[in-house]
2 protein chains.
Amino acid sequence: MTDRLDQQRIVHAAIEFIDQKGLHALTMRRLGAFLGVEAMALYRYVPSREDLLDGVVDAVLDALHHDPEVHLHAEHGWQDYLQRLAHGIRRIALDHPAVFPLVATRPPAAPWIRPPLRSLRWLESFFTVLEGAGFSDDGAVRAYRAYTTFLLGHLLLEVSHRGPMTDDEDDDGDDEAPAAGPSDMGLENYPHLRALESLLDQDESVAEFEEALESLLDRLEMRVRRRGRRGR
Amino acid sequence: MTDRLDQQRIVHAAIEFIDQKGLHALTMRRLGAFLGVEAMALYRYVPSREDLLDGVVDAVLDALHHDPEVHLHAEHGWQDYLQRLAHGIRRIALDHPAVFPLVATRPPAAPWIRPPLRSLRWLESFFTVLEGAGFSDDGAVRAYRAYTTFLLGHLLLEVSHRGPMTDDEDDDGDDEAPAAGPSDMGLENYPHLRALESLLDQDESVAEFEEALESLLDRLEMRVRRRGRRGR
DNA sequence: ACCTGAACACCGTTCAAGT
DNA sequence: ACCTGAACACCGTTCAAGT
């Protein structure tokens, strides 16, 4: 029925599986069944579940390399580049909301690799662009840290709203707790929260992403202009 | 030998256990042994492992309520308050680096609750202070989103450098891979990375935290001043 | 009232055995 | 060459039984 197994097929099946049923549902045995094979067959191609998860993270981020929107158009400058890169990573996060927490929290290969920018190739291109644009070494590294902090925080929070369904397995009946009303959870004693609830519930993530990203780039821009002050 | 069991004792033992051996090592059976009891005894006080983890997150954040540095000194204004709150949460993250990823990624009780600010009590106080300081509803909510984004991203990245040892279990021998040199991992083809490696390796998290926090507060300040422009 | 032992269904992983 | 079956050590969780 199914074609032959290989590492790529397994990793991509794992991604599909996680996107559909959530990370917590992924077991070697279920992934085997998903592929029409016994779990034990996977071990021909993948050394362990942990390595499989690393493979999933790498494969998901690999899409960046094939994203035409991100490819360097040097003429538009470093801000354009950081914008494209950020949007490319955001697209990945939104495509695989259930995988992104893995991208965010798997221990990176080296301590100075900061998710969600997890590959040496992208780091190299990041620094190439910034130094080409006149950033000092120190300025480029500080930009890298601020940029990754923002991406990680924003995307993790944005994506957590979009898990694969309510996570309560199969919803196999009418035994849900009464839940005390649509969106009530003891707000009686928190007047500000009650007043702000509808505002809090709105999804403004696109606008916030653009705005915060722009403001970050502005901050970095100011640092390039007065650069050297702190350069060693 | 040990005192009697109760939920508090179990949750705090779990925190200690995670801090010592890492999240991945926490199983009901091992936690039982840690407490001098069979795993099954825990189920008298804790409905499930998932609930235990929720309890861990709550308990760790509860320290904020007893942190004298954070308690409201209204006379010093909203910026002082957000500074104290941020530093309080940072202290918690650094005290429990192996627990913080849980704080960051456990699905919150409501979709508008954004880690690491996970309790209605702190949200209420956050909004009380900001609205008292003249923020519009919209401005306060946007401040909340930007503030949590920053805290989550920064602390998750800062804390990931400080896991509980190398995570390779017991280090039970000399069978470590040769590792090809102290800090080498194929950097040959990445000249910028090689040049920046020593800078990248430096830990500047304190300075970056202060600086980025201050810049965030400045940005918010600018928004209060021209407030109303976007208030619906 | 509180803990234990035995049991169940499920894991990750190994390895000899089948085709 | 590639997959399977059986097995091992370990999970979370339930429940009748012990003290």
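Just so it is clear, the model here is predicted, and its values are computed rather than measured. Below, each value reflects all heavy atoms present in this structure, side chains not excepted, and no hydrogens, waters or symmetry copies. Every chain is numbered from 1, with letters handed out A, B, ... down the list of sequences.
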- prompt: F126(B) and Y147(B): aromatic ring centres closer than 6.0 Å?
  reply: yes
task = State whether R106(A) and E50(A) are salt-bridged, where the test is any N-O pair (Lys NZ or Arg NE/NH1/NH2 against Asp/Glu carboxylate O) under 4.0 Å.
result = yes
Here the distance between atom P of dC11(C) and atom OH of Y43(A), to the nearest Å, is 11 Å
Taken to the nearest whole Å, CG/L35(B) to C1'/dC3(C) is 13 Å
- Query: Can we say R142(A) and E204(B) salt-bridge, meaning some charged N sits less than 4.0 Å from an Asp/Glu carboxylate O?
  - Reply: no
Would you classify R44(A) as touching base, sugar-phosphate or nothing, given that sugar-phosphate means primed atoms plus P, OP1 and OP2, and contacts are heavy atoms under 4.0 Å? base
message = Is it the case that atom CD in E210(A) sees more than 12 heavy atoms from other parts of the structure closer than 6.0 Å?
response = yes
Between CD of E50(A) and P of dC11(C) the distance, given in whole Å, is 16 Å
Closest of dC3(D), dT4(C), dA7(D) to the M40(A) side chain is dA7(D)
Separation of dC11(C) atom P from R30(B) atom CZ, nearest Å, is 18 Å
Quick note, R49(B) side chain, CB onward, closest among dG12(C), dC3(C), dG12(D) is dG12(D)
Practice task
For the residue pair R114(A) and R145(A), establish whether any side-chain heavy-atom pair is separated by less than 4.5 Å.
Solution key: yes
Notebook entry, point to check: Does R90(B) count as lying over the ring of F209(B), i.e. NZ or CZ under 6.0 Å from the six-ring centre, within 45 degrees of the axis?
Noted result: yes
Whole-Å distance, E38(A) CD to dT14(C) P, equals 17 Å
Side-chain atoms of Y45(A) come closest, of dT4(D), dT13(C), dC2(D), to dC2(D)
Ring-plane angle category for W122(B) and H65(B), please: parallel below 30°, perpendicular beyond 60°, tilted otherwise. parallel
From CG of L31(A) across to P of dC11(C) the rounded distance in Å is 12 Å
Of dG12(C), dT4(C), dC3(C), the nucleotide closest to the side chain of L5(B) is dC3(C)
The nucleotide from dT4(D), dC2(C), dT13(D) with an atom nearest the side chain of V37(A) is dT4(D)
Between CE of M28(B) and C1' of dT14(D) the distance, given in whole Å, is 13 Å
Those stems involving DNA chain D that have three or more consecutive Watson-Crick or G-U pairs, both distances under 3.5 Å, are C:4-8 with D:12-16, C:12-16 with D:4-8
Out of dA7(D), dT13(D), dT4(D), minimum distance to the side chain of R29(A) belongs to dA7(D)
Winner on side-chain proximity to T27(B), out of dG12(D), dC3(D), dT4(C), is dG12(D)
Here the distance between atom C1' of dC2(D) and atom CD of Q7(A), to the nearest Å, is 16 Å
